[in-house]
Amino acid sequence: MHEPITDYDKVVRNCSCSYCGNNCDDITYLIKDNNIVGVRHACRLGASKIINDNDQRLLNPMVRNSEGILEETSWDYALELTAQLLHDSIRPVLYGWGETSVEAIKKGCQIAQATGSVIDNQSTICHGATIQAFQKVGHPVTTLGEVKNRADVIIYIGTNPMDDHPRHLTRYTTFPEGFFRPNGRDDRTLITIDPKYTNTAKVSDEWIQFNPNEDYSLINALRVILSGGELNTNEIAGVDKDTLYKLVETMKNTENGVIFFGLGLTQTLTKQRSVDILIQLVEDLNRYSKWSMLPMRGFFNVNGFNIAMTSETGYPYGVDFARGYPRYMIGETTTIDLLNRREPDFFLAVAADPGIQFPGYSLKHLASIPTVQIDTHWGPYTELSDIVLPSTRVGVETAGTGYRMDSIPIYMKKVIDKPENCHSDEWILTQLYNRIINLKEAG
């Protein structure tokens, strides 16, 4: 066991974690000399991100010189150069936004409108299919607070929160004592439906394994059984029909059930169609009992981008201002499609690393156009960037708003001072916007 941390001079409670879509807001920071030396209540992944680790930290603005080497420079020069490149570009893309504040996102939206840019976020490569399904079919939504207090059956489909959202089960769904579930785990049934035997499956009451890419068939079979139909085969998607009938009976007889789903559902061959039919299954179940569903969103504010952009423009992601007004068309105004067609002539990544997230063919085009990074730490995209603007960590060095995976806004307060030569995303984007407006007014 680790020795308890005793060498600290300040304790700050009720802080918000900026790791994943759980947005846990019960974190305690232990601070020594303006550094976070310990974290209480956070999961292992959140704690590793929160503790002030300057390894690979970006601390000064940099511009790539004629020899291809990043050199430190002044903020004025880096901002002026970025603003000029963005102002002069014809097809700029502003990407990322999943790990920054809503306040910064709204400033980014203003820049996109002023420059005719496409503004897009990580949804374009993860839960975009979910958003499309919600637009088409609807969203039987709930909140994590309702899940904690009411749910007696929890189902995870195509997601592994024990590894990706470690406190999801312990804080919100399975283990906590709720108002109507005072015995916590003993009052709940946990079911994992996944091709793999994940760590979530290991702690579940039941693991239902199905064949990869056959999730649509599986969910459709559940709808058939629920409607009173008979299956004319002994198995569907690798699951025997007795298991399916038993699952339907469990779902029909629950008091309050919730389905959580992840990229294991949205990134299969049927994409948004799998989410479509899952929504329809939930609607069918509501004829018998109370059911709802939530996507397992990844970054702490990836959902906040979708909410903010919908509020500002009417569209959730992949918003194109090239014609002076917002447009949105999947496959046309989404980042990977734009890069694959070699359209962008400028690329700005804010609080994201395309070097990790994008396929190689898309990255080849980024290597041929002006690229700018606004982020806190060095990463693969830094090696592609012509200009690097060092930012601060929301919920640690900067205050801001983030939206939890269930669309509940969480205020994330500042806890320690930022590094001397770093600035918040909102400050950087405000400076860029002011410079771009000056260039436009100068003609």
Side-chain angles (χ1 to χ4, degrees), residues 130 133 137 140 142 147 150-163 168-169 173-175 181 183-296:
T130 298
V137 186
T142 187
V147 177
R150 297 180 180 274
D152 60 329
V153 174
I154 311 293
I155 298 179
Y156 289 106
I157 301 179
T159 183
N160 180 25
M162 287 293 289
D163 289 339
H168 200 261
L169 278 73
T173 67
T174 308
F175 296 99
R181 308 294 166 211
N183 299 312
R185 182 68 176 91
D186 292 337
D187 286 342
R188 309 180 200 268
T189 298
L190 176 61
I191 301 171
T192 294
I193 304 175
D194 201 291
K196 294 183 178 180
Y197 186 56
T198 63
N199 284 327
T200 306
K202 292 177 183 178
V203 300
S204 299
D205 297 296
E206 184 177 8
W207 169 49
I208 299 175
Q209 182 181 27
F210 66 95
N211 296 334
N213 291 314
E214 294 187 22
D215 42 297
Y216 188 93
S217 298
L218 175 69
I219 299 169
N220 196 44
L222 294 175
R223 293 192 69 206
V224 169
I225 298 170
L226 193 61
S227 66
E230 291 288 333
L231 300 181
N232 57 7
T233 179
N234 289 328
E235 62 89 16
I236 297 288
V239 183
D240 67 87
K241 67 177 184 180
D242 290 339
T243 299
L244 296 177
Y245 278 101
K246 178 185 173 184
L247 176 60
V248 169
E249 283 302 309
T250 298
M251 297 169 84
K252 284 173 61 176
N253 294 305
T254 186
E255 293 181 9
N256 190 298
V258 184
I259 296 175
F260 293 94
F261 65 97
L263 301 190
L265 192 72
T266 67
Q267 298 303 308
T268 57
L269 292 178
T270 44
K271 297 289 184 179
Q272 76 269 19
R273 301 300 182 190
S274 295
V275 186
D276 286 352
I277 198 166
L278 183 63
I279 296 170
Q280 294 174 63
L281 173 64
V282 172
E283 290 175 344
D284 294 343
L285 285 167
N286 274 291
R287 298 173 186 171
Y288 300 91
S289 58
K290 172 61 180 173
W291 277 85
S292 50
M293 61 186 287
L294 280 173
M296 299 290 291

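Reckoned from all heavy atoms, side chains included, excluding hydrogens, waters and symmetry mates.
- Residue pairs that meet the salt bridge (Lys or Arg N to Asp or Glu O under 4.0 Å) test with at least one member in residues 188-212, sequence neighbours left out, are Arg185-Asp205.
- Contact record, Thr159 with Gly262: CB-N, 3.7 Å, taken as the closest heavy-atom pair.
- In this structure, His168 and Phe260 have perpendicular ring planes: the angle between them is above 60°, well past the 30° mark.
- At distances below 3.5 Å, at least one donor-acceptor pair connects side-chain atoms of Arg181 with backbone N or O atoms of Arg150.
- Considering only heavy atoms from C-beta on, Thr189 stays 4.5 Å or farther from Thr254 through its side chain.
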Val275 and Val137: CA distance, side-chain angles, deciding distance, side-chain contact (heavy atoms from CB on, under 4.5 Å) verdict:
CA-CA 9 Å; Val275 186; Val137 186; over 6 Å; no
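- Rounded to the nearest 0.5 angstrom, Ile259 CD1 and Thr142 OG1 are separated by 12.5 Å.
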Begin from the C-alpha positions of Tyr245 and Leu231 and carry the test side-chain contact (heavy atoms from CB on, under 4.5 Å) through to its verdict.
CA-CA 10 Å; Tyr245 278 101; Leu231 300 181; 4.2 Å; yes
Could you walk me through whether Asp240 and Thr243 pass the side-chain hydrogen bond (donor to acceptor under 3.5 Å, both in side chains) test, one step at a time?
CA-CA 6 Å; Asp240 67 87; Thr243 299; 2.9 Å; yes
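- Evaluation of the side-chain hydrogen bond (donor to acceptor under 3.5 Å, both in side chains) rule for Gln280 yields Arg223 as partners, not counting sequence neighbours.
- By the 6.0 Å contact criterion, CG on Asn232 is open, its count of non-hydrogen atoms from other residues, nucleotides or ligands being 12 or less.
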Could you walk me through whether Asn256 and Asp152 satisfy the side-chain hydrogen bond (donor to acceptor under 3.5 Å, both in side chains) test, starting with their C-alpha distance in whole Å, then the side-chain angles of each, then the deciding distance to 0.1 Å, before giving a yes or no?
CA-CA 6 Å; Asn256 190 298; Asp152 60 329; over 6 Å; no
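- With a 4.5 Å cut-off on side-chain heavy atoms, Met296 and Pro161 count as touching.
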For Lys252 and Leu226, what are the C-alpha separation, side-chain angles and deciding distance, and is it a side-chain contact (heavy atoms from CB on, under 4.5 Å)?
CA-CA 8 Å; Lys252 284 173 61 176; Leu226 193 61; 3.3 Å; yes
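- Nearest heavy-atom pair, Val282 versus Pro140, reported as atom, atom and distance to 0.1 Å: CG1-CG, 3.6 Å.
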Residue pair Thr198, Tyr156: steps toward the side-chain hydrogen bond (donor to acceptor under 3.5 Å, both in side chains) verdict:
CA-CA 11 Å; Thr198 63; Tyr156 289 106; over 6 Å; no
